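The structure appears right after this line, and notes come after that.
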Amino acid sequence: SVHGARDDSTGHKMRMMATTRIGRFPRLRNIVAQRRTFGMNFSDADIPEVKEATACTERGDWTSATQLLGRAKGFLDAVPPLKIKVMCRLADTLQLAGDIRTEILERAAIVSEVKREGDPVLEKQVTWCHIISLLRGSEIEDAIALCEKTREASAEGTRESAVSALVHAAVLMHHQTRAEEAIGAIEDAERHAQRAGGSVLGQCSLVAGRYYNMVAQDEKEAEAAFLTAEERLTSSSSSSSPDDEKARKISLAVALASQGSEEKLNMAIKCLEDTDNDLGSLMISNAL
């Protein structure tokens, strides 16, 4: 490895596994299955290029970080689960760097890659990220069209249908003539969330607070919604996965910070510290 990893390192094994030609193996199905299992059993963080990119990100060297992640992505074509993880890191790094056009393209490519893998839950998650990138890039009409398509494909009364409606509401709020439609999407999300349970109910109140703040300009309603979000997100039980629990804590941090007092801001900072999530500050800044 050019990065000094020994030949028996995890990074070297990943590179060899990813770049070995499938045609050399007589049993194609076995090797493809082996690669998929391999991709699920190892973390993208073990790849030398990803390790170096993380160090570059920490010191604000976005150019080097994106080049390294692009290189890692390039040799992982045969290991889709790892390639998708690296692509998500690359898109997040492009977001931090402020390169919105390239980020939008990368997030669209992630959606295509996940579709090929046939994972409907992950497909919705990466589609939401793509929609928000379109929103930040001021491509509002494209974002709304993708929201509508995603909502049509979501089953009633599920977390996915609630989040899809919330993302739709967030996009509508930024439309010049359709902003008031957002409250309808928020009410739909609340209906789905009541059945789905969990932290998404608190996220409904959080987005409602943003609506009253941004669109209706009703400070009293906004304050009440953010307080309800705080209460719901504090009382909701721990989620089934560490990632879901991190999302709950980050949403709670946004609800606290949105209330504006120094006490609540300090509580929000503590929430983000507890998530142990490098992108916590990025996500809260986006939400606010």
Side-chain angles (χ1 to χ4, degrees), residues 1-5 9-19 35-117 119 121-137 241-247 249-250 272 275-287:
S1 169
V2 295
H3 296 282
S9 70
T10 300
H12 178 75
K13 290 175 185 175
M14 285 179 172
R15 191 176 287 102
M16 291 300 292
M17 189 69 180
T19 57
R35 281 176 172 172
R36 288 178 187 278
T37 303
F38 182 88
M40 296 306 293
N41 289 343
F42 287 91
S43 168
D44 57 323
D46 293 323
I47 301 172
E49 285 84 353
V50 173
K51 286 182 180 178
E52 192 171 338
T54 300
C56 290
T57 300
E58 287 171 355
R59 61 176 180 264
D61 184 357
W62 314 119
T63 302
S64 297
T66 52
Q67 287 173 349
L68 286 159
L69 291 169
R71 191 187 308 166
K73 181 180 78 168
F75 64 71
L76 288 170
D77 283 339
V79 194
L82 277 178
K83 182 181 180 182
I84 290 165
K85 290 178 183 178
V86 171
M87 291 175 78
C88 289
R89 281 183 183 265
L90 176 55
D92 290 340
T93 303
L94 290 165
Q95 181 178 343
L96 287 163
D99 187 350
I100 185 62
R101 296 298 147 207
T102 311
E103 182 203 340
I104 288 171
L105 293 174
E106 189 65 23
R107 294 205 187 275
I110 292 168
V111 174
S112 298
E113 191 75 28
V114 173
K115 276 183 180 177
R116 279 194 290 272
E117 284 300 285
D119 185 336
V121 175
L122 183 58
E123 184 183 335
K124 282 193 175 62
Q125 292 172 347
V126 297
T127 300
W128 296 330
C129 291
H130 183 209
I131 290 167
I132 296 302
S133 70
L134 288 169
L135 172 59
R136 286 187 285 102
S241 75
D243 285 343
D244 286 341
E245 179 61 9
K246 283 181 181 179
K249 287 184 177 178
I250 291 168
L272 288 177
T275 64
D276 190 28
N277 187 340
D278 290 342
L279 290 179
S281 58
L282 170 65
M283 293 176 76
I284 193 169
S285 66
N286 284 342

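Just so it is clear, the model here is predicted, and its values are computed rather than measured.
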Locate the shortest heavy-atom distance separating Ile47 from Val86; write the atom from each residue and the value.
-> CD1-CG2, 4.2 Å
Show your reasoning for whether side-chain contact (heavy atoms from CB on, under 4.5 Å) applies to Val121 and Gln125.
-> CA-CA 7 Å; Val121 175; Gln125 292 172 347; 4.0 Å; yes
Rounded to the nearest 0.5 Å, the CG atom of Leu90 sits from the CD atom of Gln95 at a distance of 12.0 Å
CZ (Phe75) and NZ (Lys83) are apart, to the nearest 0.5 Å, by 12.0 Å
Donor-acceptor pair, side chain of Thr66 and main chain of Thr63, under 3.5 angstrom | yes
Distance from Asp119 atom CG to Glu113 atom CD, nearest 0.5 Å?
-> 12.5 Å
So how far is it from Leu82 CG to Asp77 CG, rounded to the nearest 0.5 Å?
-> 12.0 Å
Indicate the atoms forming the closest heavy-atom contact of Ala72 with Glu49, along with that distance.
-> CB-CB, 3.9 Å
Looking only at heavy atoms, what is the nearest atom pair of Ala53 and Leu68, with distance?
-> N-CD1, 3.7 Å
To the nearest 0.5 Å, what is the distance between CD (Gln67) and SG (Cys56)?
-> 9.0 Å
At their closest point, which heavy atom of Ala65 faces which heavy atom of Thr57, and how far apart are they?
-> CB-OG1, 3.6 Å
Drop me the distance from Leu135's CG to His130's NE2, to the nearest 0.5 angstrom.
-> 12.0 Å
Do the charged groups of Arg136 and Glu103 touch, with an N to O distance under 4.0 Å?
-> yes
Determine yes or no for a side-chain-to-main-chain donor-acceptor pair under 3.5 angstrom, with Arg101 supplying the side chain and Gly137 the backbone.
-> yes
Would you mind checking if Lys73 and Asp44 are paired as a salt bridge, meaning a charged N to carboxylate O distance below 4.0 Å?
-> no
Atom of Ser133, atom of Ile100 and distance for their closest heavy-atom approach | O-CD1, 3.4 Å
Candidate pair Asp92 and Arg107, rule side-chain contact (heavy atoms from CB on, under 4.5 Å), full reasoning | CA-CA 9 Å; Asp92 290 340; Arg107 294 205 187 275; 2.9 Å; yes
Between the side chains of Asp99 and Thr102, is a donor N or O closer than 3.5 angstrom to an acceptor N or O?
-> yes
Looking only at heavy atoms, which two atoms of Pro81 and Glu117 are closest? And how far apart?
-> CD-OE1, 4.4 Å
